[in-house]
Each structure stands twice: as C-alpha cells, then as structure tokens.
Amino acid sequence: MSAEGATQRGGVYAPGLPEGLIRQRAREGVAAVFPPVDTYGRQLHGAGDEELSGPSGITDDLDLARLVPPVFMPRRLEKLIDLGREPLHEDVDLTTVIGGFHSPLPVYVSAFGSTRVASGDAGIAASRQAGRLGIPMVIGENMVPVGGYRRAEASQSPILARLRAYAQECPPGVGGVVVQQSTEDADSEVWNLVYSDTSVRELRDSGRLGFELKTGQGAKPGLGGMTAVDAEEAARLAGQFAVREILGPDRWLRCATPGTFTEEILRQQVRFMRNNFPRARVWVKFHPGRDVASAATTAWQAGSDAVTVDGAQGGTGWAPRTFLDQVGLPLGECLRRIGRPQGCLLATGRIWEGGRAVRALAMGATAVGLGRAALLAVDEDPEQGLTRLVEALALEARLLVSSVGKYRADALTDEDLWWPGATPTAVSPARTAPIGSPA
Amino acid sequence: MYQAEQTVAVRKAVAYPGLLGEHLIAEKTRAAMAVQQEALYAAREFLRSQGFTELLPPLIGPVTDPGARGAKALDVDFYGHTYKIMTSAILYKQASLRGFPKLFYIAPNIRVEPPETVDTGRHLVEFHQIDVEIAGGTREDAMDTAAGLLTHVVAHVFDTVPDVLRQLGRDPLDFAELLTGKFDSCTHTEAVQRLRDQGHPQSPDAEINWAGEEILSREADRPFFITDYPKGSRGFYDRENPQDPGVLRNFDLIAHGGFGELVSGSEREADYATLVTRMRESGENPAKYDWYLRLMREGLPASAGFGMGLQRLIRFLTGLDALWQVSAYPKLPGVVSP
C-alpha cells in the first residue's frame, strides 16, 4: 500500500512531517514498520530508498571520496622497466587471495540466504556464473532449516544445488565456496553436513571449502535474518524460527535470532571452527558495528582467514524500514575505523561498479563482495548477466588502478583517495622557501 | 557393495572389510570378539567393585553431545520432532547423577565422521563407549578410575585369553609397563611443544591432530595422559580452569605403540550461566538444550567422568591395524555398508 495521497483523507495538514508515512502507520499499524509485503520476493531493499523510509540525509563518505592520480608515478616506472614498454591498464594484475582462495579478481559473490529473491533459479544462476568466473562465493544462512539438505534428486535442496552448480563450473585451482551457519543452522548442523558430504569432497579436499560465521549484516545490524512467509510456511517453520502474523492477514514475519557474541564467544567460535573443520577456511562476517575494529582484530587473532564487513548500505530481501537508513556505520567509516587490516578484509554493501570497489580496496579491503548487484545481474540474464557485470567492474578497476600508477590491486593505499574538505597532506617543495626569497 | 574405493579418497593403501558374511567368519574377527567379551566382563567387574551402577543408555533425544571435529549426528523423526541418535550420552550421564552418584554405561554411539577419517584406523561411525561419571569427582578421580579400569582389563584379558592374544602376535611384554599402573602425564602445551620440536605442524589451540597423536603414541612405552586442552577444542561441558582461563580441566588417555587415544574425560561444568556462555562459545543454540539446562538450573552435582572407546580398547589389546577389524558390523566413515 502506498503512502502517497493520504493527505486528502483527513482535514489535518502537517507540513514538514512525512505525513503519508504517518498516516500509513495509522492505517496499517506494525505492518508499516516493514516495506510493503507485496514487494517481498521481488524488491531488494537497502539504504537510500527515500520512498520507503523518508529522507535520511546520511551518505557513505566512501562515495564522496575521489581517486586522485598523481603526476609522478615511480610505480609506473617500475612496471615500464619490468615490461620493457609503456604499461597499459591491461597490465594491472588483479589476481589475489580472498580468504584463502585464489581468485582472478578482488571480487566475490556475497551471501544471499533463504530470502525468496535468491531462492531457486537466481541462486543457481549466480552460483554457476561465479564458478565459471573462478571467484569465491558465499552461500547464505538459514537455507537448510528452510529448504532442507538432502532430498530426492528431482527436488534437490537449495544449498546442495548451489554448491554443485558452482563446483561443476569452477576451473581447478581458483575460487571456493563459503557456507554460512546461523543459530538455527547450527541446530541443523549445516557445517557438519557439508563437511562430511561426499559430494562436496572435491571442493573440500582441494582447499576450496570455507565456513563463514555470520554475526550480523549491514541492512539490519543487530538483528537476525527476516523473511515474509504465508501461514502454511509459518506453521512449518514455527519449530525453528520465531514466526508472527504481523505483516497482514496470512502474512507472517519469520525471524531468525542474531546470536549473542562477546569477544570471548567470537574467539572461541572461530577456534572451534578451525578445530572441527581443519580443511575448511574460516570467514567471519560482521555487521557495521561501532566496535567493528576490535571485532575484526579478535577474529583475525583467533585465526580467521577473512573478515567481512557489511556496511550499512548492504542490501537484504527484507528488513524493517528504520534499519535500512538509520542503523549502522557506513562502509567507509567501518574501513576507516579498522585502519590497516591485520588480515584479509572483505568489504560489502552497495558495490556494483569499479569506482566504489577500488575506493574500498584503497581503504584496506582485499576484495569486495557483490550481493544485490549479482542478483540483479542474473535476473537480467541468467546465463551471462553476472559474468558481464563482473567483467565491466574488472575493466573499470584496471583503468582506475593504472590511473594512479599502480599495477596491482593490493598496491592501492589511502593516498590514492581525496575527500572534499580534506586538508592538503603534501607540501610542494617549491613552497618550502619563503615567498619572494631568491630562487 | 561393501567396498570403500568407490566412495572415498584413499590416501594410503589400507585394507577394508570384505563382504559382511566373510568378515563375520574371519579368524581375526572371531579372535577380536573373544577379547571383547573378556574386556567387557572385566570392565563391569572393575567398575562394580568400585561402587558404580550400570545403567542402560538412551539411544535418541532432542539433543546429543555436539561432538567435535566435524562429526555429524544422525536425525530421526520422533512423532514430528527431529531427534538425534546419541553421539554420546554425556548429558544423560550428568542428569543421572541425581539418582546414581557413580554410574556407567556400555553405550552404543553413532557419529557420522568426515570421510577423511576413513583411513585413520581409529574411526568407526558405529562404536561403543564405556561411559563413566562420578558425582563430586575431580579430574584426578576420573583419571585414576580410567587408569585402574584399563589396567584391570588388560590384566584380565591376559589371564583369560592369553592364547588368543599370542596368536594375534601380542606379547605380554608389550604391556609390562602398563601393568605397573603408573601412567605418565603431560599437558597439551607440552605435547604441542614436543611435536613442534620434531617439525610436526600442530596448532596450539586445537586438538592434537591424528598424525601428532600417533607420533606421541609411538614414542611411549606405556599409556599416558594429556591434560589441559585449550578451550575451543572440546565440548561446552568440559570445565574451564578458574585459575587458568582458556584451559580446560580435562584429559585424554593415549595408548602407547601408535594406538592413540583410548579415553577422553574431564571435570564437568556445573554452573548454569557459565554453561550457557560456553554453549555460545561452541556455536550451540542453548534453546535446544532446554531439558538439560532446566536440570542444571535446578542443580546437578558437579562431577567428572570419561568415555573409553570400546573398539579402540580392543584394537589396542589385539594389536590389529584398524577399528573395523574389531567390530562385528563395521561402518567406516564415508563407506556405505550394511
């Protein structure tokens, strides 16, 4: 139901207030805390949708930063010497290691879980294309409690279907699949299931299987996964999740718990993963919490192979409106707080093109994750959409990295960025002598 | 088919059981069963003489021991509820302390171990434990009981079926040091250091890996304890040392001669709030342990206990290469078998 046109209903006016949104709440009550339920399963939600949550006025300053190529480029000279000819953007080497997995690009496909947009063909299409590209992919939480694990071949479970689609396409020696496990997944022993599954053996034995401990996500920091379900689905899931009929008649909200973490709980869970799954890589994903720097340090010190930070611009299939624009640190601020990473740092949230990706890399990320953009791309073309999106991003990244006179993605630093209003950091040698003094 | 090669990667040449019918009439299987029968007799004799009561363990429940090292519990549908087949009945052992302060089970357990453990020679999906719990006991009480149990069983088996052991190539001299009853002990930190000194990669905050355990086991001339495992390597029920945070009041008993771990045990955590926190630290959802946590809130006795792997014990006694040789109906990790 739209919030528009509500002002005609009563005789009272309130200029300056989002009257339509207020009147919508007066009509719909708690259902209006969430996006319109009929958009679930089609719309991907995230920050910046003003129709949904009103103007937030907060932007991610990662998007305000400009990449600033210097004039003098000693690194370009190094490359020139190395090649024996002037380097081109095509000489930028984007290969990297993402959380223990070799990848041709500093890009991976981040998690989409049990949410309906990603279920079925879209998830499979994304898996197939990610595998073909040889870039790592994360499989989201709550898929086993919702979709089951092993079923008859005809109706293969979503998680196994994605794993197999990826493995079939992925060239040897690159890529990897990372499986998340939420609190509810832990009840279903998702990691144990995957780790001991003979059909996943090739990935595991070739060091291309990982597990991600998810402590939160950017779109709804501090909350667990949410979806909208009908009454039948709600009844089926009631034993595993909290289900509440608050989104309208026969429209239920399904809530997973976010899980409780302290520094010690995080440290021990990472150690437990390493102890129990010695052949799997260990990733940890954080929501954009105010203590994200100490959380990341704790995870790295406990031995995690990668730490993912999902900025507040991260997307989701379903979240309370107020979380989309008012909760959590923007990605740029997360990266600033973490500073020089002690391990592999992965950044996600509103990444779809080379500019934001390269700025995130310059602020310390080893790689960036594609979430909503990957889903849109496979929706546009299930066979090639993601491949083309990633190719375009990679070309932009090569152009941008070469423009600052560097030829490896990990050579980027924050000196390659400038923020409006930032004070100049370098002083020209010509200015060191007092103006007017003899040359 | 009952052959392994079609289902698992075999890292080294290992023999696997043939058809079940042939396995059951094999000379070695019959010898192993003769030893097992005497070992079970001796175990019961020893534990009863120490005042323990034998209970029969539950087979399924809403939760089981969350296990470790990637082993999966099997699910069964229990009137519409997903129940687990016991990977170990430790939670029930603790609950039983209310009525039975010293108890033991000869407990069947099922752990769907990762296929990579198929050729360790020390893993079976279906196995049994001699499961012991002592109300008010300390770690040292549990270690003493485990050492006494092992010593008694070995002595009894050599008394009753010496010919069987001799035919299997076992020499009483192999157990001479054991029968003195004096077992060495080292901490996990010391064991890690010993392995690292030899160039063996061993994480200081994880279990001793299989290869490392075998190295230490081969170096010994009698069984020995490893104590003080780090938190993160064991279940939430192993009590953390209040004087040494991050270190657990637990132990393993490792057999000499390359046979490896026979026993795992510990003092148990009995404080409700600590237990809930420890569950989170091991990634568990406390809600599914509802019945256990309710009992813990009401108060369960502090305790210590251990599980001795029965098939591992028999393999140690018989000197056979792999656990499947000492099980009448072996199920190897990753091998689909009857």
Side-chain angles (χ1 to χ4, degrees), chain A residues 144-145 148-150 181-202 204-206 209 211 213-215 224 236 238-242 256-257 259-280 282 301-303, chain B residues 6-9 11 62-64 66-75 80-82 84 87 111-118 125 201 203-210 229-236 240 245-246 276-289 333-336:
Chain A
V144 171
Y149 188 71
R150 200 184 303 284
Q181 175 170 287
S182 69
T183 310
E184 287 74 15
D185 287 321
D187 296 355
S188 306
E189 297 187 77
V190 171
W191 288 338
N192 286 342
L193 277 168
V194 172
Y195 198 71
S196 54
D197 192 321
T198 51
S199 74
V200 186
R201 195 183 78 212
E202 214 291 301
R204 187 194 58 225
D205 290 353
S206 61
L209 178 67
F211 294 136
L213 175 62
K214 178 182 171 184
T215 71
R236 188 173 71 80
Q240 300 170 84
F241 298 94
T257 54
T260 305
F261 290 91
T262 62
E263 193 177 325
E264 182 67 359
I265 288 174
L266 178 72
R267 181 182 300 120
Q268 294 305 331
Q269 286 205 15
V270 170
R271 288 192 181 164
F272 222 81
M273 292 165 75
R274 291 176 57 208
N275 186 72
N276 288 7
F277 312 108
R279 293 189 184 189
V282 174
Q301 288 179 350
Chain B
Q6 58 180 357
T7 48
V8 288
R11 292 198 297 274
V63 283
T64 179
R69 299 204 206 189
K72 163 88 184 72
L74 280 183
D75 296 340
H81 297 267
T82 301
K84 305 280 185 188
T87 56
R111 296 181 188 174
V112 183
E113 300 280 359
E116 71 205 47
T117 59
V118 67
V125 173
S203 164
D205 45 38
E207 285 260 30
I208 306 289
N209 55 37
W210 312 128
Y229 283 77
K231 202 159 71 155
S233 67
R234 291 297 170 92
F236 56 75
E240 189 172 1
V276 171
T277 308
R278 290 286 307 283
M279 283 180 173
R280 279 302 300 161
E281 288 174 2
S282 57
E284 289 295 316
N285 180 3
K288 71 176 184 174
Y289 293 89
V335 181
V336 179

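Order of the sequence lines fixes the chain letters, A, B, ..., with proteins taken first and strands second; residue numbering starts at 1 for each chain.
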- Note on the structure: One should read off an interatomic distance between A/Phe272 CZ and B/Arg234 CZ, to the nearest 0.5 angstrom, of 10.0 Å
- With rounding to the nearest 0.5 Å, note down the distance linking CD in B/Glu113 to CG in A/Asn192. 10.0 Å
- Query: So which part of B/Ser282 gets closer than 4.5 Å to some heavy atom of chain A, the side chain, the backbone, both or neither?
  - Reply: both
- With a 4.5 Å heavy-atom cut-off, do B/Ser203 and A/Arg274 have their side chains touching? yes
- Got a donor-acceptor contact below 3.5 angstrom from the B/Arg280 side chain to the A/Ile265 backbone? no
- Residue B/Lys231 versus chain A: region with a heavy atom under 4.5 Å: both
- Exercise: identify the closest heavy-atom pair between B/Gly283 and A/Gln269: CA-NE2, 3.4 Å
- Item | Gap separating the CG atom of A/Asn276 from the CD atom of B/Glu207, nearest 0.5 angstrom | 8.5 Å
- Salt-bridged, B/Lys84 to A/Glu189, with N to O below 4.0 Å? yes
- Heavy-atom contact with chain A under 4.5 Å, split by part of B/Ala73: both
- Counting only heavy atoms closer than 4.5 Å, note whether A/Arg267 contacts chain B via side chain, backbone, both or neither. neither
- Distance-minimising heavy-atom pair for B/Pro114 and A/Ser196: CA-CB, 3.9 Å
- Query: What's the shortest heavy-atom distance between A/Asn275 and B/Gly232, and which atoms?
  - Reply: CB-O, 3.6 Å
